[in-house]
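Written below as structure tokens is the structure these notes are about.
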There are 2 protein chains.
Amino acid sequence: MHEQPSPTHQPLYQQVYRMLLDRLASGDWSPGELLPSETALAQLYGVSQGTIRKALDTMAAERLVVRHQGRGTEVAKHDSERSLFQFWHLYDEDGSRRIPSSKVLECVRTTARAGEARQLNLRRGAPVVRIRRCRYIDSRARIVERITLPAERFPGIESHGKALPNTLYALYQKQYRVTIQTAIEKLRAVKADQNDAESLGIEPTTPLLEIERVALDLEDEPVELRVSRCETNQIHYKNILD
Amino acid sequence: MHEQPSPTHQPLYQQVYRMLLDRLASGDWSPGELLPSETALAQLYGVSQGTIRKALDTMAAERLVVRHQGRGTEVAKHDSERSLFQFWHLYDEDGSRRIPSSKVLECVRTTARAGEARQLNLRRGAPVVRIRRCRYIDSRARIVERITLPAERFPGIESHGKALPNTLYALYQKQYRVTIQTAIEKLRAVKADQNDAESLGIEPTTPLLEIERVALDLEDEPVELRVSRCETNQIHYKNILD
DNA sequence: AAGTGGTCTAGACCACAGC
DNA sequence: CTGTGGTCTAGACCACTTT
């Protein structure tokens with residue numbers, strides 16, 4: 001079905017993409033569910049199957065959905081595997097990913113500092129939940145993390161206390177209907193401070209890799225701020241440019 | 001045109017992609033040139049225009065070619081803009097990319113050390129060219145780099161001496177027909193050594209961000225090893241995960 | 001005006017999953 | 001066997017660039 005050549009003309013498949021994304025974000029379909037088939041969607045939106053296909057292929061490329069030949073198109077789930085492959089960049093010297101374990105040191109509700117408020121797009125003093133945890137690889141403490149969440153998006157999450165699960169993104173999605181879609185990281189080299197040194201069992205002034213991550217949801221709203229400091233003697237951050 | 005359903009069956013568009021990639025790698029078309037039109041390629045390979053389109057769209061997604069409506073499909077060129085957007089991840093605090101200037105400290109032909117040989121897929125002691133340079137942002141030295149090239153792929157490059165251009169990838173492509181397609185980076189936090197400290201005008205033990213990059217050509221052969229050490233007070237490494 | 005890539009459609013056949 | 005997504009084709013029309 002064609003339409004008016006208006007000044008704000010967008011290709012059909014982009015319009016369909018937008019509509020499907022909105023429905024995903026509003027929770028019309030849950031992670032793990034199957035979307036209607038291509039032919040059903042084509043009828044629903046009054047376009048050809050090829051147009052639906054192009055929209056779905058785009059969403060698959062962005063990992064919003066997973067296509068299964070013979071089965072259907074599934075809404076992407078934050079199983080531990082996806083978290084690992086999309087959001088975990090720390091590798092061992094031999095090139096293998098190491099799944100760290102975590103120990104929560106602190107998990108409290110408080111108010112946003114100026115920097116946190118700016119990065120999470122909140123007003124200053126807005127309620128946030130702050131988590132500090134230490135992460136272990138081969139039972140050696142390698143990473144200290146400070147995580148800040150807007151309390152409004154995660155009501156009552158602080159009640160988990162120190163029993164918070166290791167894979168937070170799966171928790172966000174399952175319990176709070178928040179899907180992490182993108183993350184922006186800033187990396188710097190810093191000196192370990194007294195706190196870092198104690199948590200990691202190293203001497204102060206040891207160089208650490210600081211990773212400051214802002215995670216965005218399906219609608220590109222920032223929903224998590226995470227600052228990780230890593231001891232990079234045995235591990236490194238791997239990035240592929242292509 | 002369909003073909004036999006053999007056990008090694010690959011979709012037509014992937015076969016076409018492969019053939020086009022081979023012709024690109026072998027230099028049948030030069031960077032900046034226009035490929036034959038979709039219809040011409042369709043005739044040439046005996047497939048439909050849609051199949052050619054799918055292959056070309058894939059190549060465009062990988063930045064191997066650039067599509068221009070009304071003009072044609074161009075072989076991607078390593079202008080400074082592309083180098084900047086694909087391979088430069090250091091940003092200012094305000095979020096803008098800073099183009100550094102460079103001063104070459106050393107450019108000599110020598111033999112590969114064990115580590116260099118391993119990463120560049122050479123035998124130990126193979127001839128290499130080693131470059132050391134210092135890079136400046138806002139006329140402050142921020143980065144020291146050690147670059148290692150397999151001499152066979154870049155014959156005579158050492159004769160440039162200290163007059164090497166700032167944008168090396170454009171030189172590789174233009175003068176040596178080597179196109180950098182991918183790069184794999186490993187990031188670590190390290191202490192500045194005596195050399196770093198002198199070059200950057202900082203005190204030893206200052207934490208530096210070390211970026212170890214192996215750059216690959218169109219055929220995924222490693223063709224450059226580059227170790228950069230950056231002072232990250234005013235700049236940071238930015239990475240987007242999506 | 002001619003030629004290019006971009007969008008959209010319709011229909012055929014194949015490969016795979018599940019009943 | 002049915003329904004799903006994956007591949008391939010053919011043709012129409014549009015938007016853009018060049019001559």
Side-chain angles (χ1 to χ4, degrees), chain A residues 1-21 24 29 31-77, chain B residues 1-21 24 29 31-77:
Chain A
M1 201 107 294
H2 290 98
E3 72 313 307
Q4 76 299 342
S6 75
T8 56
H9 177 60
Q10 266 202 318
L12 270 186
Y13 69 88
Q14 284 179 25
Q15 299 177 34
V16 171
Y17 170 90
R18 249 289 148 215
M19 291 189 281
L20 289 173
L21 182 58
L24 270 194
W29 301 294
E33 265 189 83
L34 292 181
L35 295 185
S37 71
E38 294 183 350
T39 51
L41 289 171
Q43 274 212 315
L44 182 59
Y45 290 110
V47 299
S48 80
Q49 190 194 356
T51 299
I52 294 292
R53 171 176 294 270
K54 190 153 181 177
L56 288 178
D57 282 348
T58 306
M59 304 184 81
E62 294 171 348
R63 300 186 196 74
L64 290 166
V65 300
V66 182
R67 310 273 250 143
H68 298 285
Q69 183 173 118
R71 202 151 73 81
T73 301
E74 180 194 350
V75 181
K77 228 178 5 187
Chain B
M1 203 104 297
H2 289 101
E3 72 312 307
Q4 75 300 340
S6 76
T8 58
H9 176 58
Q10 267 202 318
L12 270 186
Y13 69 89
Q14 284 179 24
Q15 299 178 34
V16 171
Y17 170 91
R18 248 290 147 217
M19 291 189 280
L20 290 173
L21 182 57
L24 270 193
W29 301 294
E33 264 190 84
L34 292 181
L35 295 185
S37 71
E38 294 182 352
T39 51
L41 289 172
Q43 276 212 314
L44 182 57
Y45 290 110
V47 300
S48 80
Q49 190 193 354
T51 299
I52 295 291
R53 171 177 293 270
K54 190 152 180 176
L56 288 178
D57 281 349
T58 306
M59 304 184 82
E62 293 171 348
R63 299 189 198 74
L64 291 166
V65 300
V66 183
R67 311 272 251 141
H68 299 284
Q69 180 171 122
R71 202 151 72 81
T73 301
E74 182 194 348
V75 182
K77 227 177 8 186

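For A:R18, the side chain to side chain donor-acceptor pair (under 3.5 Å) test picks out A:D22, with sequence neighbours left out. In terms of the side chain to side chain contact (heavy atoms under 4.5 Å, CB included) criterion, residue partners of B:E62 (sequence neighbours excluded) are, by chain and number, B:Y17, B:T58, B:L64, B:Q181. Considering only residues two or more places apart in sequence or on other chains, A:Q43 meets the side chain to side chain contact (heavy atoms under 4.5 Å, CB included) condition with none of them. Partners of A:R71 by salt bridge (Lys or Arg N to Asp or Glu O under 4.0 Å), not counting sequence neighbours, listed by chain and number: A:E74. By the side chain to side chain donor-acceptor pair (under 3.5 Å) test, B:Q69 pairs with no residue at all, sequence neighbours left out.
Proximity of A:T51 to the phosphate of C:dT9: a side-chain N or O atom is located under 4.0 Å from OP1 or OP2. The phosphate of D:dT7 has OP1 or OP2 within less than 4.0 Å of a side-chain N or O from B:Y13. An OP1 or OP2 oxygen of D:dT4 is reached within less than 4.0 angstrom by no side-chain nitrogen or oxygen of A:T73. Regarding contacts with the backbone of C:dT7, a side-chain N or O of A:K54 is found under 4.0 angstrom from either OP1 or OP2.
The interatomic distance linking B:Q43 (CD) with C:dG3 (P) rounds to 13 Å, in whole Å. Protein atom CG of A:L41 is 12 Å distant from nucleotide atom C1' of D:dT4, rounded to whole Å. When the C1' atom of C:dG5 is taken as reference, atom CG of B:L35 falls 12 Å away, rounded to whole Å. The NE2-C1' distance, from A:H9 to D:dA15, rounds to 9 Å in whole Å.
Put simply, the side chain of A:R53 and the base of D:dG5 share no donor and acceptor less than 3.5 Å apart.
Residue pairs meeting the salt bridge (charged side-chain N to carboxylate O under 4.0 Å, His left out) criterion with at least one member in residues 41-54 of chain A, sequence neighbours excluded, are A:E38-A:R53.
Using five terminal pairs a side, the axes of the helix from C:dA1-D:dT18 to C:dG18-D:dC1 at its two ends make an angle of 10°, given in steps of 10 degrees.
Closest to the side chain of A:P11, from the set C:dC8, D:dG5, D:dT7, is C:dC8.
Side-chain contact between A:L20 and A:L41 is present, with heavy atoms from C-beta onward closer than 4.5 Å. Looking at A:R67 and A:D57, their side chains come closer than 4.5 Å, going by heavy atoms from C-beta outward.
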Requested in this report: List the steps, then state whether side-chain contact (heavy atoms from CB on, under 4.5 Å) holds for B:T73 with B:M59.
Outcome: CA-CA 10 Å; B:T73 301; B:M59 304 184 82; over 6 Å; no
Scan nucleotides 16-19 of chain C against the protein and return all N/O pairs shorter than 3.5 Å with their distances rounded to 0.1 Å.
| residue | atom | partner | partner atom | Å |
| --- | --- | --- | --- | --- |
| C:dC16 | O4' | A:Q69 | OE1 | 3.0 |

Could you go over nucleotides 10-13 of chain D and give all protein N or O partners under 3.5 Å, atom names and distances?
none

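At a non-hydrogen distance threshold of 4.0 Å, nothing from residues 56-64 of chain A comes into contact with DNA chain D.
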